[in-house]
Amino acid sequence: MDQTRRDDEFRQYVLHRRPDLLRTATLLGAGDRHLGEDLVQNTLTRLYLAWPRVRPETRDAYVHRALVNAAIDEGRRRKRRPEFPTETMPDRPAPELPDALTDGPLREALGALPDRMRAAVVLVYWLDLDTAAAAAALGCRVGTVKSQASRGIAKLRALLDAHPYAASGGLR
Amino acid sequence: MTDLHPIFDDLAGTSGPITSAVLDADLLRGRRALRTRRRNALAAGTFALAAVVGVSALSLGGSSGASAPNIAAAPITAPVTAPVATPHISFVAYTGDQAAPGFRVDSIPDGWKMQGVSEYTLNIVPPGLHTDMNSFLGKLVVMLESADADPSDLSNLPDGIAVTHTTVDGRPAVIFKEGTDSTASASLHWTDAAGHRIDVQWPRSAGWSDDEMTRFATGVHVLGAARAGRG
């Protein structure tokens, strides 16, 4: 495949798919938009490298798998990365109220899920992939995806229902 | 019960049409990665065939006593400077799982681990290295020569590539060594009895000798599902 054709096809794919990829990646990163952008960039670079050998009909499947792998790898990296205590708390922007009310509890709850369980929830529950496609993306069996997604949703509901904001009726 | 869908939607955020600057940046990253991979693949197919042809010519000439075409008489050479070496690591028999579609090896460096095997590559990594399977820096990697390598293009050999002719299982092989810094790499290329054009790459900082690498290569097996990469 010549470079021009590869570039043209790749641009078309990115043009149409990038917005949805970024939203999915943001959820895989437990609401971290910057991490989501990193995951998308990493995944699209891999896709460009693999372009000649990825059939058009399997591009989305390839991208989902690469995205999930990148998210899980990043989760492992963050766990290995040591945290350094400081004498003073770092300055952080105050959360904007509307986002804090709607996103905050889910962000915390999603972040509390193991990486693979979070990925199963995002792929099956939010992205609405069938379990076979989600299993392919996660590199595991269909039964594992079903149980991970189901347990993940139950855990999310439990975490959210116990949240003070939800308990006050804010998420219902 | 909490309805999660709208909360997921909110958390995922909105994403409007992407700009041409974002598109260009994605494309640029891809092109840059492709250039790096092609460079790392070292010209492999390109140089390997040249070297194999050279070795064949030398071997024919030697056995017949006749004057062979002077391909091997003008070997592609470059100054060889050893990179900074780390404590020597020997190869040991590998007895672990090799659920491999593409490749199998008889030995690995002591203390290193099998990172993974696909139809395209077999990656062996030192302790603590967890980069993506498509990144070969610092790894011992087995693969087939790129299907896109142009073995006839011998005119653009980069400077600083040192070439050593050797054999693997009695078959002509060539070793390329490039660079002298911590990212310096070397690669061994040969064609096995079944006609597979094989490429083994490793970090020069590991300090393995040519003999060690040809012995390792003897234990490389290409399986039915192995495929050559592209690009």
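Everything numeric in this text was worked out from a predicted model, so none of it was measured. Any value given below was found using the heavy atoms of this structure, including those in side chains, with hydrogens, waters and symmetry copies removed. Residue numbering restarts at 1 for every chain, and letters A, B, ... go by the order of the sequence lines.
Within the 4.5 angstrom heavy-atom criterion, only side-chain atoms of A:V121, from C-beta onward, approach chain B. Neither the backbone nor the side chain of A:L47 comes within contact range of chain B; no heavy atom of the residue lies under 4.5 Å from a heavy atom of that chain. Both the backbone and the side chain of B:R31 come within contact range of chain A, judged by heavy atoms closer than 4.5 Å. Contact of A:R33 with chain B is made through the side chain alone, with heavy-atom distances under 4.5 Å. Contact annotation for A:L15: both backbone and side-chain heavy atoms come within less than 4.5 Å of a heavy atom of chain B.
One finds a salt bridge joining A:R118 and A:D115 here, because a Lys/Arg side-chain nitrogen approaches an Asp/Glu carboxylate oxygen to under 4.0 Å.
Scanning both residues, A:T24 and A:L127, for their nearest heavy atoms gives OG1-CD1, 3.6 Å. Between A:T43 and A:V63, the shortest heavy-atom contact is CG2-O, 3.7 Å.
Other residues, nucleotides and ligands contribute only 12 or fewer heavy atoms inside 6.0 Å of the CZ atom of A:R151.
The candidate from B:G13, B:P17, B:S20, B:P6 with the greatest count of non-hydrogen atom pairs under 4.5 Å with chain A is B:G13.
Note: B:F176 and B:H189 have perpendicular aromatic rings, judged against thresholds of 30 and 60 degrees for the angle between ring planes.
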